[in-house]
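Presented below is the structure to which this report refers.
By convention in this document, chain letters (A, B, ...) are assigned in the order of the sequence lines, proteins followed by strands, and residues within each chain are numbered from 1. Not measured: the values here are computed from a predicted model.
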Amino acid sequence: MSEKYNPRVIEKKWQQHWAELQSFKSEVNPKKEKYYILEMFPYPSGKIHMGHVRNYTLGDVIARFKRAQNFNVMHPMGWDAFGLPAENAAIENKTSPKDWTYENINTMKEQLQRMGFSIDWSRELATCDKSYYLQQQKLFKYFFEQGLIYKKESLVNWDPLENTVLANEQVIDGKGWRSGAEVEQKKLSQWFFKITDLAEDLMNGLEKLDGWPEKVKLMQQNWIGKSYGCEIDFEISQHEGTIDTDKIKIFTTRPDTIFGATFCALSPFHPLVDEIISNDETVNMEVQKLRALKINEESISKDEKIGIKTKLSIKHPFIKDKNLPVYIANFILMDYGSGAIYGCPAHDQRDLDFANKYNLEVIQVVDGDRDFDGQTAYTEDGKIINSDFLNGMQIEEAKEKAISEIEKLEIGKRTINYRLRDWGISRQRYWGCPIPIMYREDGEIILVPDENLPVELPEDVDLQKTGNPLENHSSWKNTKCPETGMNAIRETDTLDTFVDSAWYFLRFCSPTLETEAFRKSDIDYWMPVDQYVGGIEHAILHLLYSRFFTRALKLKDIDEPFQSLFTQGMVCHNTYKNTSGEWVYPDDVKFENSKLIQISKELEVTEGPIESMSKSKKNVIDPQSIITNYGADSARWFMLSDSPPERDINWSESGIQGSWKFCQKIWTLVYQNKHIFKKKSQVSDYSGETKRFIGQIHEQLDVITRSIEKFQMNVAVAKIYEMVNLISKFKCDQEEKEEALRESLVILIRVIEPMIPHLAEECWELTYNKKALIDEPWPRVKKELLVKENVVVVIQVNGKRRGEVTIKKDADENAVTEKINEVQNIKDLLEEQNIKKTIFVPNKILNIVL
RNA sequence: GCGGAUAUGGUGGAAUCGGUAGACACGCUGGUUUUAGGUACCAGUGAGGCAACUCAUGGGGGUUCGAGUCCCUCUAUCCGCACCA
């Protein structure tokens with residue numbers, strides 16, 4: 001044990017100690033209250049990055065804090081190990097995705113262990129483990145049998161050169177990122193989860209989630225997007241060629257504007273469009289152009305509206321002899337409503353843009369405060385005009401009336417529509433969980449029997465070849481039906497990796513169970529997750545899918561997987577560019593002669609804006625170098641200092657140095673006082689100055705405790721600084737004071753443990769305590785010491801602070817008023833003035849209004 | 001475009017309830033000690049003013065005895081938009 005703070009030695013020492021004693025292994029213990037803390041598991045991309053360090057440091061503070069509060073804490077860790085980057089790496093480096101992934105897992109596990117996180121590694125799992133995806137295939141079968149899985153056609157980004165499906169991020173300016181080929185929208189038959197079946201339930205469940213940030217709940221609510229409207233069948237009045245149907249079903253949320261309808265628009269992927277283009281080659285060519293465009297909500301609202309006029313017309317249901325032209329348009333989603341709308345240009349901006357472009361009629365049917373100018377759609381409140389039986393009504397009333405008339409004519413019905421779409425889970429990729437389905441030669445689609453699971457990923461695949469590697473692997477793909485012996489073809493799609501992460505928190509409860517995905521008794525004890533910590537970028541999809549899974553699995557008593565949720569901010573850093581316009585790593589930049597210079601190339605560098613750390617902009621700091629230079633505790637402390645956890649944090653060299661200095665300061669403070677722990681004192685009560693000192697310590701302890709509970713780690717950190725400053729200045733010259741110093745140091749060591757555990761343990765060793773620090777309970781706040789005898793009451797004149805008086809606690813207004821006379825400048829202000837009234841807040845403020 | 005968020009000194013940020021704005025830290029300035037130096041310690045540090053005091057929480061307006069906090073409005077920046085995880 002040395003006088004100098006030596007993180008390299010002590011961190012290794014305590015990590016070994018915890019590992020040997022299996023200090024963080026968790027087991028079901030019905031006698032003890034459980035606490036399940038979980039951080040979003042990482043994708044094993046290579047090395048840990050600062051975002052991980054921040055995420056897991058936050059979670060670890062909570063894990064260690066709750067343990068100190070006598071909870072039976074489970075804090076597991078695993079790997080979200082399937083995904084695209086493994087395939088990309090395989091193509092670039094000619095390695096296998098499996099080897100690449102497991103190598104990364106090893107590296108990252110070592111790094112996480114080097115951070116000293118209190119993780120129960122006995123529960124470790126990787127979603128690419130056979131044992132994990134075996135259970136996932138069983139869950140797939142369960143969902144299938146529950147009727148929650150179906151197949152339908154849907155669109156993908158298709159790279160015709162690589163013969164493969166591209167992720168959105170692989171499409172850059174409409175071109176394939178590797179091939180540069182023009183990306184097409186291709187229809188493929190794909191598997192879907194019927195998440196929309198539970199849309200209502202998922203929305204209502206949000207109300208109960210008190211521990212979730214309001215903004216995340218709102219984002220989910222908007223994502224589900226419940227809306228009330230109606231379907232209307234419009235009769236086709238004119239067409240050319242043979243058309244299979246005589247109606248077009250449209251969906252609207254604004255049936256009150258039915259009399260303002262002036263055209264009809266179909267999605268380019270509407271089934272009727274297939275018929276139209278089979279009759280008309282000119283339209284066909286135009287439609288193919290529209291179909292090649294990527295349509296999402298963003299493009300609908302921003303991009304130029306394009307329409308193709310068809311030879312069809314539809315009849316207006318309420319206006320005799322009025323026919324509306326039918327267009328095929330790029331701003332209609334096939335997945336929303338019925339894939340067809342009627343356009344009411346006066347009251348919808350998209351429709352108006354379209355009508356203005358194609359010179360269509362615009363009829364105003366809602367009139368309100370603002371004049372309608374023909375350029376900005378009128379979407380505000382108002383009264384219905386130009387609308388026959390709806391005239392004079394308010395919007396809501398008119399909606400009701402229109403729907404009831406439509407239902408009376410039996411040409412449509414009231415519907416509830418959700419913006420939420422079913423969850424497409426098919427991926428035409430290799431590195432994912434195989435779908436346990438076979439297509440038999442007799443046309444039957446069968447589920448692979450349990451005894452033949454898992455359907456294993458073949459390892460002998462050629463990723464260099466274009467197309468889906470599983471599709472190309474004929475000996476894997478062609479198989480026999482285990483029941484009938486008939487020839488069969490395996491499903492070559494794999495599952496979306498969001499499926500992997502939609503139930504991993506359940507698997508952590510029974511990580512090694514072979515017979516089932518999880519043991520019921522384990523789930524009953526550990527679930528739900530008490531605190532989930534992760535990035536805001538998962539606010540919608542991952543969390544919604546996990547909620548869907550938990551509900552669909554019908555676990556008794558549990559429908560919400562995450563009791564509380566905390567979303568942390570990102571880690572940012574300045575960006576640097578050299579004179580040739582290349583991004584430069586911060587490590588490669590030095591400051592010389594008041595210029596920034598790139599060390600490796602000796603080029604001048606300019607400093608760019610602070611952005612979230614990303615490999616593409618090279619503004620990353622490798623946590624490994626920080627751990628090596630400063631130690632894990634300093635890195636942890638920095639992550640918790642200054643910025644509130646939910647906000648973005650800017651990495652700075654001076655900040656990490658400050659953290660290191662602080663760790664050193666704590667060590668010096670405890671080490672210099674180590675002799676006082678040898679003695680045992682008889683002091684049971686404090687007086688005077690010592691009482692005030694220890695009172696302040698307990699006040700700080702109180703704030704630290706409450707701050708950690710509220711996730712305000714930066715506030716807790718600031719109070720710990722204050723505590724250290726206070727203890728450092730405390731002059732210890734008598735027995736009573738020595739006892740106070742001892743008590744305060746013990747409190748300090750205990751409260752820093754969740755944040756900087758190695759240093760805390762090393763300090764604890766100096767106190768001659770037999771019990772391990774991690775098993776030491778959180779210190780109790782001595783409430784009796786928080787009561788102050790005197791308080792400062794601020795005196796205001798006309799709401800402005802003019803002075804203060806120190807007075808006995810709970811003194812009344814008269815007592816305060818009397819004391820004012822001692823304050824000269826207030827006396828002057830009050831002279832020869834009439835006091836209109838006074839506002840008195842006990843122990844806080846006296847405001848005198850003149 | 002829609003949806004969500006954020007804005008306080010030179011910097012990161014603090015401020016239970018509407019009640020002393022700027023805690024704590026970084027940086028900077030001056031000093032002390034040891035060292036070649038990093039280090040450690042002490043003092044100062046929102047702006048203006050000799051001072052009394054005035055001004056100050058993105059801009060403008062409002063409610064209130066009193067607003068960083070509540071209401072309206074504007075501006076700027078960031079995030080998401082369904083195959084990245």
Using atom [atom1] of [X] as one end and atom [atom2] of [N] as the other, report the distance to the nearest whole Å.
X: A:Glu298; N: B:rC83; atom1: CD; atom2: C1'; result: 16 Å
X: A:Gln221; N: B:rG3; atom1: CD; atom2: P; result: 13 Å
X: A:Met570; N: B:rG12; atom1: CE; atom2: C1'; result: 17 Å
X: A:Leu541; N: B:rC79; atom1: CG; atom2: P; result: 18 Å
X: A:Met639; N: B:rG12; atom1: CE; atom2: C1'; result: 14 Å
X: A:Asp496; N: B:rA82; atom1: CG; atom2: P; result: 13 Å
X: A:Glu722; N: B:rA14; atom1: CD; atom2: C1'; result: 10 Å

Over all strands shown, is [X] touching base, sugar-phosphate only, or nothing at heavy-atom distances under 4.0 angstrom?
X: A:Trp223; result: base
X: A:Val156; result: base
X: A:Ser643; result: sugar-phosphate
X: A:Ile845; result: base
X: A:His538; result: base
X: A:Phe498; result: base

Heavy-atom donor-acceptor pair, [X] side-chain to [N] base, under 3.5 Å:
X: A:Gln796; N: B:rG19; result: yes
X: A:Gln428; N: B:rC83; result: yes
X: A:Arg706; N: B:rU16; result: yes
X: A:Gln190; N: B:rC83; result: yes

Close N/O contacts between protein and nucleotides 26-30 of chain B (under 3.5 Å):
residue	atom	partner	partner atom	Å
B:rC26	O2'	A:Ser654	OG	3.3

**Request:** Using the side chain to side chain donor-acceptor pair (under 3.5 Å) rule, pick out the option among A:Gln185, A:Lys186, A:Glu184 that qualifies with A:Asn157.
**Result:**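 Of A:Gln185, A:Lys186, A:Glu184, side chain to side chain donor-acceptor pair (under 3.5 Å) with A:Asn157 is met by A:Gln185 alone.
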**Message:** With syn defined as a glycosidic angle within 90° of 0 and anti as the rest, where does B:rG4 land?
**Reply:** anti
**Item:** Canonical and wobble pairing (Watson-Crick, G-U, under 3.5 Å) of RNA chain B, dot-bracket with |
**Value:** (((((((..(((......[....)))((((((.......))))))(((....)))..(((((..]....))))))))))))....
**Message:** Which nucleotide wins on minimum distance to the side chain of A:Tyr721, given the candidates B:rC83, B:rU20, B:rA25?
**Reply:** B:rA25
**Item:** Nearest-nucleotide pick for A:Gln712, side chain only, options being B:rG19, B:rG4, B:rA15
**Value:** B:rA15
**Request:** Determine the Euclidean distance between corresponding P atoms of B:rG10 and B:rG49; express it in Å to zero decimal places.
**Result:** 15 Å
